[in-house]
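Heads up: the structure comes next, in structure tokens.
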Amino acid sequence: MEITSIGALADNAGSAVILKGWLTNKRVSKGLLFLVLRDGSGIVQCIVNQRDVSSDSWQAASQATQESALEVAGTVVVDARQTGGVELQAIHVSLIHLTRYYPITPKAHGIEFLMDRRHLWLRSRRQWAVMRVRNRVIMSIHEFFQERGFLQMDAPILTGNAVEGTSTLFEIDYFGQTAYLTQSGQLHGEAMAMAFGKIYTFGPTFRAEKSKTRRHLTEFWMVEPEMAFYDLDMNMELAEDFLIRLAADVVRDCRNELELLGRDIAALERVQKPFPRITYTEAVELLKSDRTMALLDARLKILLGERLSLERERADNKAAYGQAKEWKRRRMDARDIEINTRLDEIAEELRNIPAWRKSAREFEWGSDFGGSDETLLTWHFECPIIVHRYPAAVKAFYMERDPEDERLALGMDVLAHEGFGEIIGGGQRTDNLEFLEKQIAVHNLPREAFEWYLDLRRYGSVPHSGFGLGLERTVFWICGLDHVRESIPFPRMLGRIAP
RNA sequence: UCCUCGGUAGCUCAAUGGUAGAGCAUGCGGCUGUUAACCGCAGGGUUGUAGGUUCGAGUCCUACCCGGGGAGCCA
């Protein structure tokens, strides 16, 4: 018998195999045990029939608790009812390690409890699915750029100066000198693009901002392509092709994972060329428009309707509770918790809507979009959108100006649809030495620190562009998660540095 | 930093100012095809902390601590 992984079982129907893994759940009947085994590659149900196994095997299987480590030998049987389409008829079971009191039970847990046990939470099904999608996205990122002749190069993580001068960075002591953890590899990326044409960096980046939202981490992974001889239009084209590729690869290769996550796959299949491209000025008009207000009104109506029907259901349950049978009462109790949780969510959104409305209606040309503004913009479209040509004042100092309007910078953001918001930010960098020198002065940046960067405009300066894609936000969007913290194995965020 | 919601059994949550409960998990028992299986029994509590109001506080008031998600900022 060969040691096989659960993921490969479907190709081994009818043969006898050995599996090594952990017990994720167990169901017991007289003379019959159902062991749900996981090994990282998948999950399979193993049937242990007392009549078919030795008493040692039966005892091992009976004793096994959640997350005990097991070796199971058995025959692979096709059964359409099972996830993965197969189950294992056990011939032999042995206990490798008996677990006592595994803290994460097969019922609901709060986020603080789970985050404190992230090292164990990763074993859970949803996390398994998310991490597999993350892996697929990482592979696709490399494939996409490698196929197009990009060189993967690494920017330093320790830097002596802030890239854009505005963000709050993590400060460290570098042999008596102040240094920072990088917030972007872009400036070094530009240098490498001038050396190799098309490059991308892919590594961790750090932001010390005290953001406490579902879209923020203090440590996250970013892929940053940088291309010589690319203007803004070519840049947008690349970003579009890139996202289409990522979505398509995941839809093709991670269907099980997406289904397990309850992701609306059709929404990912709508990620197709061309993405709507609107200028910042058009976006502002759309945001302030009656059409946006109508979307908010519609949302309000849906929420109020849902609240009413949930409250009715809760009242009906309460009325029926007295006469209900024991098992039915339990079901009502469970449903009551669901209803209360959802009602809390609805209440929060209802509190937010007036603020969203005000922010959108009173938006002034010249400021940057807030989180709710981005969400509202994406509600108007069925796939990701590209917003370009922002006011220069809200964008970084190195952005090229729009030759047709000096107030505008040739920057672009890609906003994921369904309200997930910004996942790409980038633009065309200025190739003009005098302009860049002036910008450094205007932004009060230390000129000496940027001398090497100015060199890129002194020797063979060419139009060039690039963008940064946040890996966790991309996984967050593709998986349809509630929070980016689930899209990285060990999230670092405000108030969270362990495990 | 500000706004907002919350903190009750190991976990998830109930509890008009009036005897603190349920499910899950754990242990024991039952059931030969279960899908977060089901059924029976058992153990399990300083209601975040410190004050206050009250005959009486999980519930009301004040302060603080911790957490959730929003603002600002951003990928």
Side-chain angles (χ1 to χ4, degrees), chain A residues 24-36 43 45 47-52 65-66 79 81-83 87 89 100-117 125 164 166-168 183-184 186 205-224 318 321 326-327 329-334 336-341 344-345 347-349 351-352 355-356 359 367-372 374-375 394 396 413-416 420-426 467-477 482-485 494-496:
Chain A
T24 161
N25 200 4
K26 180 165 85 170
R27 290 177 281 273
V28 189
S29 188
K30 186 177 168 63
L32 203 56
L33 291 170
F34 301 89
L35 306 179
V36 183
I43 288 189
Q45 170 167 277
I47 317 302
V48 186
N49 193 319
Q50 194 168 13
R51 289 192 306 236
D52 300 342
T65 51
Q66 193 191 355
D79 184 337
R81 288 172 300 179
Q82 307 306 329
T83 44
E87 61 181 13
Q89 274 293 340
R100 285 284 175 212
Y101 308 115
Y102 184 68
I104 303 179
T105 65
K107 285 281 174 178
H109 297 282
I111 192 63
E112 188 186 5
F113 181 86
L114 290 170
M115 287 292 289
D116 284 343
R117 290 157 189 78
R125 257 178 150 158
E164 300 177 12
T166 50
S167 301
T168 321
Q183 59 147 246
S184 164
Q186 184 209 310
T205 46
F206 307 87
R207 305 277 164 92
E209 270 130 17
K210 294 191 174 176
S211 297
K212 221 176 119 176
T213 81
R214 66 186 68 209
R215 298 162 41 73
H216 286 87
L217 295 170
T218 52
E219 175 184 309
F220 62 96
W221 285 66
M222 185 154 67
V223 54
E224 294 177 278
K318 209 160 195 170
Y321 200 82
E326 188 62 28
W327 67 272
R329 283 192 183 184
R330 263 190 239 116
R331 191 165 294 178
M332 285 182 190
D333 286 340
D336 223 39
I337 289 170
E338 278 176 26
I339 291 175
N340 286 343
T341 306
D344 281 353
E345 285 170 13
E348 186 166 346
E349 209 176 323
R351 279 196 300 274
N352 283 337
W356 288 24
S359 168
S367 26
D368 207 353
F369 297 122
S372 67
E374 284 183 0
T375 299
V394 302
D413 286 350
V414 183
L415 310 181
F420 285 94
E422 184 177 354
I423 54 174
I424 281 180
F467 59 82
L469 169 116
L471 176 64
E472 286 75 20
R473 282 193 181 174
T474 303
V475 175
F476 164 63
W477 162 59
D482 296 327
H483 198 298
V484 278
R485 68 183 153 220
L494 188 58
R496 171 68 57 185

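Computed from a predicted structure; not experimentally measured. First the proteins, then the strands, lettered A, B, ... as listed; each starts at 1.
A 3.5 Å limit on both hydrogen-bonding distances identifies B/C28 as the Watson-Crick or G-U partner of B/G40. With a cut-off of 3.5 Å on both Watson-Crick or G-U wobble distances, the partner of B/G17 is given as none. Checking B/U62 for Watson-Crick or G-U wobble geometry (two distances, each under 3.5 Å) identifies B/A50 as its partner. In this structure, B/C2 forms a base pair with B/G70, meeting either the Watson-Crick or the G-U wobble geometry with both donor-acceptor distances under 3.5 Å. Applying the Watson-Crick and G-U wobble criteria (two distances, each under 3.5 Å), B/G45 pairs with nothing in any strand. The base-pairing partner of B/U8, taking Watson-Crick or G-U wobble contacts with both distances under 3.5 Å, does not exist among the strands shown.
One atom, CG of A/Leu217, and another, P of B/A75, lie 14 Å apart when rounded to the nearest Å. If you take NZ of A/Lys30 and P of B/C38, they are 20 Å apart, rounded to a whole angstrom. A straight line from CE of A/Met115 to P of B/C66 spans 17 Å, rounded to a whole angstrom. To the nearest angstrom, P of B/G72 lies 12 Å from CD of A/Glu209. If you measure from atom CG of A/Asn25 to atom C1' of B/A25, you get 12 Å, rounded to the nearest angstrom. Distance A/Arg81 CZ to B/A37 P: 16 Å, rounded to the nearest Å. Between the CD1 atom of A/Ile104 and the C1' atom of B/C24 there is a distance of 14 Å, rounded to whole Å. Atom CH2 in A/Trp221 sits about 18 Å away from atom P in B/A75, given to the nearest Å.
Taking the C1' atom of each, B/G30 and B/C65 are spaced 48 Å apart, rounded to whole Å. Here the separation of B/A14 from B/G48, taken at their P atoms, is 14 Å to the nearest Å. B/C31 and B/C13 have their P atoms separated by 36 Å, with the value rounded to a whole Å. When the P atom is compared between B/A71 and B/U16, the two are found 34 Å apart, to the nearest whole Å. Only the P atoms considered, B/G6 is 15 Å distant from B/G17, to the nearest whole Å. When the C1' atom is used for both B/U53 and B/U4, the distance is 27 Å, rounded to whole Å. The separation of B/U54 from B/U59, taken at their P atoms, amounts to 16 Å, rounded to a whole angstrom. To the nearest whole angstrom, the two C1' atoms, one in B/U8 and one in B/A22, are 13 Å apart.
Between the side chain of A/Arg100 and the main chain of A/Thr65, no donor-acceptor pair closer than 3.5 Å is present.
Across all strands shown, A/Arg485 has heavy atoms under 4.0 Å from sugar-phosphate atoms exclusively, and none from any base. Across all strands, A/Ser372 comes closer than 4.0 Å only to sugar-phosphate atoms, never to a base (heavy-atom distances). A/Leu469 comes within contact range of no nucleotide atom at all, as no heavy-atom separation falls under 4.0 Å. Using a 4.0 Å heavy-atom distance criterion, A/Glu87 is classed as a base contact. Residue contacts for A/Gln45: at a heavy-atom cut-off of 4.0 Å it reaches a base atom on one of the strands shown. Residue contacts for A/Gln82: at a heavy-atom cut-off of 4.0 Å it reaches a base atom on one of the strands shown. Among the atoms of the strands shown, only primed sugar atoms or phosphate atoms (P, OP1, OP2) are found under 4.0 Å from some heavy atom of A/Asp368. Residue-level contact check: A/Phe220 touches the bases, meaning some heavy atom is under 4.0 Å from a base atom. Residue A/Val28 is in base contact, counting any heavy-atom pair closer than 4.0 Å across all strands shown. Within the 4.0 angstrom heavy-atom criterion, base atoms lie near A/Gln89.
Side-chain atoms of A/Arg27 and A/Val36, non-hydrogen and from C-beta on, do get closer than 4.5 Å to each other. Between A/Phe220 and A/Arg207 there is a side-chain heavy-atom pair separated by less than 4.5 Å. Considering only heavy atoms from C-beta on, A/Asp116 comes within 4.5 Å of A/Arg496 through its side chain. Between A/Glu472 and A/Arg215 the shortest side-chain heavy-atom distance does not fall below 4.5 Å. The shortest side-chain heavy-atom distance between A/Thr375 and A/Trp356 falls under the 4.5 Å cut-off.
When the nucleotides B/G72, B/G70, B/G68 are ranked by their closest atom to the side chain of A/Ser211, B/G72 comes out on top. Counting only heavy atoms from C-beta on, A/Asp79 has its side chain closest to B/G33 among B/G33, B/G67, B/G70. For A/Phe34, the side-chain atoms get nearest to B/G33 when compared with the rest of B/U32, B/G33, B/C74. Taking only side-chain atoms of A/Glu422, from C-beta outward, the nucleotide of B/G70, B/A25, B/A75 with the closest atom is B/A75. Taking the side chain of A/Ile111 as heavy atoms from C-beta on, and the options B/G68, B/C11, B/C31, the nearest nucleotide is B/G68.
Summary of the strand contacts: A/Arg473 and A/Tyr101 both lie near RNA chain B, and taking for each the nucleotide with the nearest heavy atom, the more 5' one is attributed to A/Tyr101. Comparing A/Lys26 and A/Arg100 against RNA chain B, the residue whose closest nucleotide sits nearer the 5' end is A/Arg100.
A donor atom on one side chain and an acceptor atom on the other are found under 3.5 Å apart for A/Ser184 and A/Glu224.
The two residues A/Leu35 and A/Lys26 have their closest heavy-atom pair at CD2-CD, 3.6 Å. Considering every non-hydrogen atom in both A/Pro103 and A/His109, the closest pair reads O-CE1, 3.8 Å.
Contact check, A/His216 against B/A75: no side-chain N or O comes under 4.0 Å of OP1 or OP2. Residue A/Arg215 places none of its side-chain N or O atoms closer than 4.0 Å to OP1 or OP2 of B/A71. Using a 4.0 Å cut-off, some side-chain N or O of A/Arg214 falls inside it from OP1 or OP2 of B/G70.
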